Amino acid sequence: MVEKFSVHITPFDLERTVQVYLPDDWQTSRQKYPVLYMFDGHNLFFDQDATYGKSWGLKEFLDGWDKKIILGGVEGNKEGDGRLREYCPYRQRGWLSPDFEGCGQEYMEWLCGELKPLIDKKYPTLPGRSNTGIAGSSMGGLMSLWALVHWGDVFGKAGCLSCAFQCCWEPLRAEMEQYVLRRGARAYLSWGSRESSPETVEFLGAATLESAHILSERGVKVYPFMQVGGGHCEADWERQLPRMMNWLFEK
């Protein structure tokens, strides 16, 4: 089942819808569940809510999966360049015009400081880092990787699909090399062979593999994956769900 409710994103003074997937028997099972937080929550469960009319199909996947988790997604900002700003942790220069100051730090402070405690209070969660993950695609994939580096005491798993490395590759790479990462974390990093122009795909592949190498050297368990024929869309990210979810939540 999927519950929807509204939350207030304090640093931006905005209301946003949260969609939370729960096992059907969550109120009677007496179990506690791992939690996966995902970006662009409106694109996760239902085609009618998705920006381009196609969701990730996560409700159907989770209903039929052999593991039970709670999955929460916050609706993305649909106003102007609001999504880019919220899902960028650095000042953006040279990729898009005009340049802008990313608000990713503030967004993650809210997610970890307000949303996660709310979810942990409202539902029967396993709140520790080994049972808490974060995932997303494009800018959401970028933020998931950044969160694993900066918020490793909160997240022990990260699904990073089609990361928008064009936005801020150099500072992100420097921080991956600089920060002390929590050993034993798990990361799934992927890109599609037909996401964009051949030059961009080559860059995305190289950045993804270099990220995987840096993380692996620093004690993170990494699964890098190139989706042959994969584009930059929900339909292709949906096809990766079994691979990603089984890796992140491997027993």
Side-chain angles (χ1 to χ4, degrees), residues 11 34-40 71-74 76 83-95 100-117 127-191 203-225 237 240 244-245 247-250:
V35 182
L36 180 65
Y37 294 90
M38 290 189 69
F39 295 93
D40 293 311
L71 192 153
V74 184
R83 177 178 178 275
L84 295 175
R85 292 176 182 272
E86 287 185 14
Y87 291 178
C88 182
Y90 306 99
R91 178 165 180 78
Q92 193 282 316
R93 293 183 175 89
W95 180 40
F100 60 81
E101 191 69 46
C103 304
Q105 174 75 32
E106 293 88 343
Y107 186 92
M108 287 306 303
E109 288 175 353
W110 168 79
L111 191 151
C112 295
E114 295 186 43
L115 179 63
K116 185 179 184 301
R129 67 176 291 272
S130 64
N131 288 295
T132 305
I134 190 163
S137 58
S138 192
M139 295 297 292
L142 176 76
M143 282 289 287
S144 299
L145 178 55
W146 184 83
L148 189 70
V149 174
H150 281 257
W151 300 86
D153 58 332
V154 176
F155 303 106
K157 312 171 189 294
C160 315
L161 295 85
S162 301
C163 295
F165 287 120
Q166 310 96 307
C167 178
C168 49
W169 169 238
E170 293 300 332
L172 177 60
R173 178 173 59 184
E175 290 190 339
M176 283 192 288
E177 293 174 336
Q178 170 190 354
Y179 275 62
V180 176
L181 305 183
R182 296 286 294 270
R183 300 188 68 85
R186 303 180 78 89
Y188 174 91
L189 292 90
S190 73
W191 78 103
F203 166 74
L204 292 176
T208 303
L209 291 175
E210 187 168 355
S211 298
H213 178 71
I214 295 171
L215 295 178
S216 181
E217 280 199 325
R218 311 204 64 171
V220 177
K221 299 177 181 179
V222 185
Y223 190 138
F225 175 67
W237 297 323
Q240 296 183 49
M244 180 185 80
M245 297 295 283
W247 167 253
L248 293 181
F249 291 91
E250 183 178 84

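Nothing here was measured: the structure is a model prediction, and the numbers come from that model. Counting begins at 1 with the first residue of the sequence.
In plain terms, the two heavy atoms of R83 and S138 that are nearest each other are NH2-CB, 4.2 Å. Across all their heavy atoms, A185 and R129 have their closest contact at CB-NH2, 3.8 Å. Annotation for R218 and Q178: closest pair NH1-N, 3.3 Å, computed over non-hydrogen atoms. When all heavy atoms are compared, the tightest approach of R182 to G152 is CG-O, 3.5 Å. The nearest pair of heavy atoms linking F39 to G140 is CD1-O, 3.4 Å. In terms of heavy atoms, W151 sits closest to C112 at CE3-SG, 3.7 Å.
Going from atom CG of L111 over to atom CD of E106 covers 13.5 Å, rounded to the nearest 0.5 Å. The structure places SG of C103 at 11.0 Å from CG of L84, a figure rounded to the nearest 0.5 Å. The distance from the NE2 atom of H150 to the CD atom of Q105 is 7.0 Å, given to the nearest 0.5 Å. Separation of atoms CG (L145) and CD (E175) is listed at 10.5 Å; rounding is to 0.5 Å. Expressed to the nearest 0.5 Å, how far CG of L172 lies from CZ of F165 amounts to 6.0 Å. Between the CD atom in E177 and the NE2 atom in H213 there is a gap of 9.0 Å [rounded to 0.5 Å].
For the pair K157 and F249, the cation-pi test (distance below 6.0 Å, angle within 45°) is passed.
Looking at R173 and E170, a side-chain N of the basic residue comes within less than 4.0 Å of a carboxylate O on the acidic one, giving a salt bridge.
Side-chain rings of Y188 and W247 stay apart, their centers remaining 6.0 Å or farther from each other.
Inter-residue side-chain proximity for K116 and T132 is flagged as met; some heavy-atom pair is nearer than 4.5 Å. Residues V149 and L181 have side chains in contact (heavy-atom distance under 4.5 Å, counting atoms from C-beta outward). In this structure, the side chains of W191 and L209 come closer than 4.5 Å at one or more pairs of heavy atoms. C88 places none of its side-chain heavy atoms less than 4.5 Å from the side chain of Y107. Contact of the M244 side chain with the S190 side chain is not registered, since no non-hydrogen atoms from C-beta on lie closer than 4.5 Å.
Remark: the backbone N or O of G136 is paired with a side-chain donor or acceptor of S144 at under 3.5 angstrom.
Between Y37 and F155, the ring planes lie perpendicular to each other; the angle is over 60°, past the 30° to 60° tilted range.
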